[in-house]
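Worksheet: the structure to be examined is printed underneath.
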Amino acid sequence: MKKVVLAYSGGLDTSCAIKWLEDKGYDSIAYCADVGQGDDFELIKKRALSTGASKVYVLDLKKEFVEDYVFPAIKASAVYENKYFLATALSRPLIAKHQVLIAKQEKANAIAHGCTGKGNDQVRFEVTARLMAPKLEIIAPVRIWEFKTRDQEIDYAKAKKIPIDVTKKSPYSIDLNVYGRSIECGVLEDPWNEPPENIFKLTKNPLKASNIPTYVEIEFNKGVPVKVDGKAYQPVTIIEKLNQIAGDNAVGRVDMVENRLVGIKSREIYENPAGTVIHAAKHELDCLVLDRETMSHKQGLSQKYAQLTYNGLWDTPLKKELDAYFNKVNERVTGVVRLKLHKGNCMVVGRKSKFSRYKEELATYGDKDVFDQKLADGFIQLWGMPYGSG
Ligand code: ARG
């Protein structure tokens, strides 16, 4: 039999995939990437083995995910279509990278994933894998298998005695990792429907959140968060901590219709409490320490960075070049931002930095003013000169 490394979630699709691949002559090595989805990996491991996988890998990728994927995206202020902090998109190239590494180690003939043919994730997995191992076969069972409906798939699972409780399936498709949660399908497919309150897990209902605002201070070092309220945390822990604080205050919900790479629009709900407060705080710090030209120039590159990430082009030259650019820009993005979180609102109420370009003696209207207002006249005459008709 040929060997395939299957990205395995423990759900119906990837469990059926083990059997389906077996029918096609492949022995599956199941691979579970722990990016903070809080799954019971012992249970999943058992399920993979009893479904027919010959071996299971469970890799804890949380640290690498936050340090090498989430943090660079934060430095780049990468937000897709101004709303999506890319939690799912960022995890895919990392998961694919380790899948290929396992395939190489196991001398496997192929890798397989459970993505559909309509989404972005298939692109992210496969582009990453192709760039690392151009000759490795990639199999996407869900795109090509014969099951047209979920019921047919369930019948197959029953016939093959796959140990999975198919009755508990939620109407939603959910992706969760340490940086955020994405929810789609079910009633959400009509963009006019308000998201039901019970889909949210990381953020409190604003009506039930505390009436008293929470103040939180986030300290940044070179563009990434390092302390919360004066206390230092490791990257994964700081994200978890901020998810907790912001989520408790109902901060971090996003409802959007987005443009998928494959050409369709889709409606997705996101919960990204930590991302929301970090991006808000980082932006304010940027405003304080960066000069005007850098501030405006980097905006377009942030958008480009988000598009590359979203569109599966993480491991490409331009993305790496942009990392170098943003590392340079962030050399001065060190300081503290104070936020006030209250019933879904995230307000920046204070910022300070040893690299601040804000000069109170120039800005003040008080008696410490050193701005020479007489200079304004000549400046304005020259500024408008190119456009005169006389
Ligand atoms: N739309 C998001 C993206 O393309 C999330 C995809 C996965 N969403 C989900 N609910 N399973 O990155």
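Indexing begins at 1, ligand by ligand and atom by atom, following the structure's order. Heavy atoms only: backbone and side chains are in, while hydrogens, waters and symmetry mates are out.
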Suppose we call two aromatic rings close when their centres sit under 6.0 Å apart. Are Tyr270 and Phe85 close by that rule? no

Are Trp314 and Tyr69 an aromatic pair by the rule of ring centers under 6.0 Å?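 Yes; Tyr69 has its ring centre under 6.0 Å from that of Trp314.
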
Would you find a donor on one side and an acceptor on the other, under 3.5 Å apart, between the side chain of Asp255 and the backbone of Ile269? no

Any N/O of Ser182 closer than 3.5 Å to an N/O of ligand 1?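 Right, the criterion is met.
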
Does the cation-pi check pass for Arg260 over Tyr310, that is, NZ or CZ under 6.0 Å from the six-membered ring centre and within 45° of its axis?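 Pair Arg260/Tyr310 does not count as cation-pi.
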
For ligand 1, which atoms, with element, lie under 4.0 Å from some heavy atom of Arg124? 3 (C), 4 (O), 12 (O)

Which of the ligand 1 atoms, numbered from 1, are nearer than 4.0 Å to a heavy atom of Asn120: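 Counting from 1, the qualifying ligand atoms are 3 (C), 4 (O).
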
Please write down residue, atom name and distance for the protein heavy atom closest to [atom].
{"atom": "atom 12 (O) of ligand 1", "answer": "Tyr84 OH, 2.6 Å"}
{"atom": "atom 11 (N) of ligand 1", "answer": "Ser173 OG, 2.9 Å"}
{"atom": "atom 2 (C) of ligand 1", "answer": "Tyr270 OH, 3.1 Å"}
{"atom": "atom 5 (C) of ligand 1", "answer": "Glu268 OE1, 3.6 Å"}

Any heavy atom of Arg92 closer to ligand 1 than 4.0 angstrom?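 Checking ligand 1 against Arg92, which is what was asked, there is no heavy-atom contact under 4.0 Å.
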
4.0 Å heavy-atom contact, Glu258 with ligand 1: yes

Please work out, at 4.0 Å between heavy atoms, whether the side chain, the backbone, both, or neither of Arg181 comes within that distance of ligand 1.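 Within the 4.0 Å criterion, Arg181 makes no contact with ligand 1.
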
Describe, in one word, how the ring planes of Trp383 and Phe379 are oriented to each other, choosing from parallel (under 30°), tilted (30 to 60°) and perpendicular (over 60°). parallel

Between Phe125 and His113, what is the ring plane arrangement, given parallel below 30°, perpendicular above 60°, and tilted in between? parallel

Do the side chains of Asp315 and Lys97 get close enough for a salt bridge, i.e. N-O under 4.0 angstrom? no

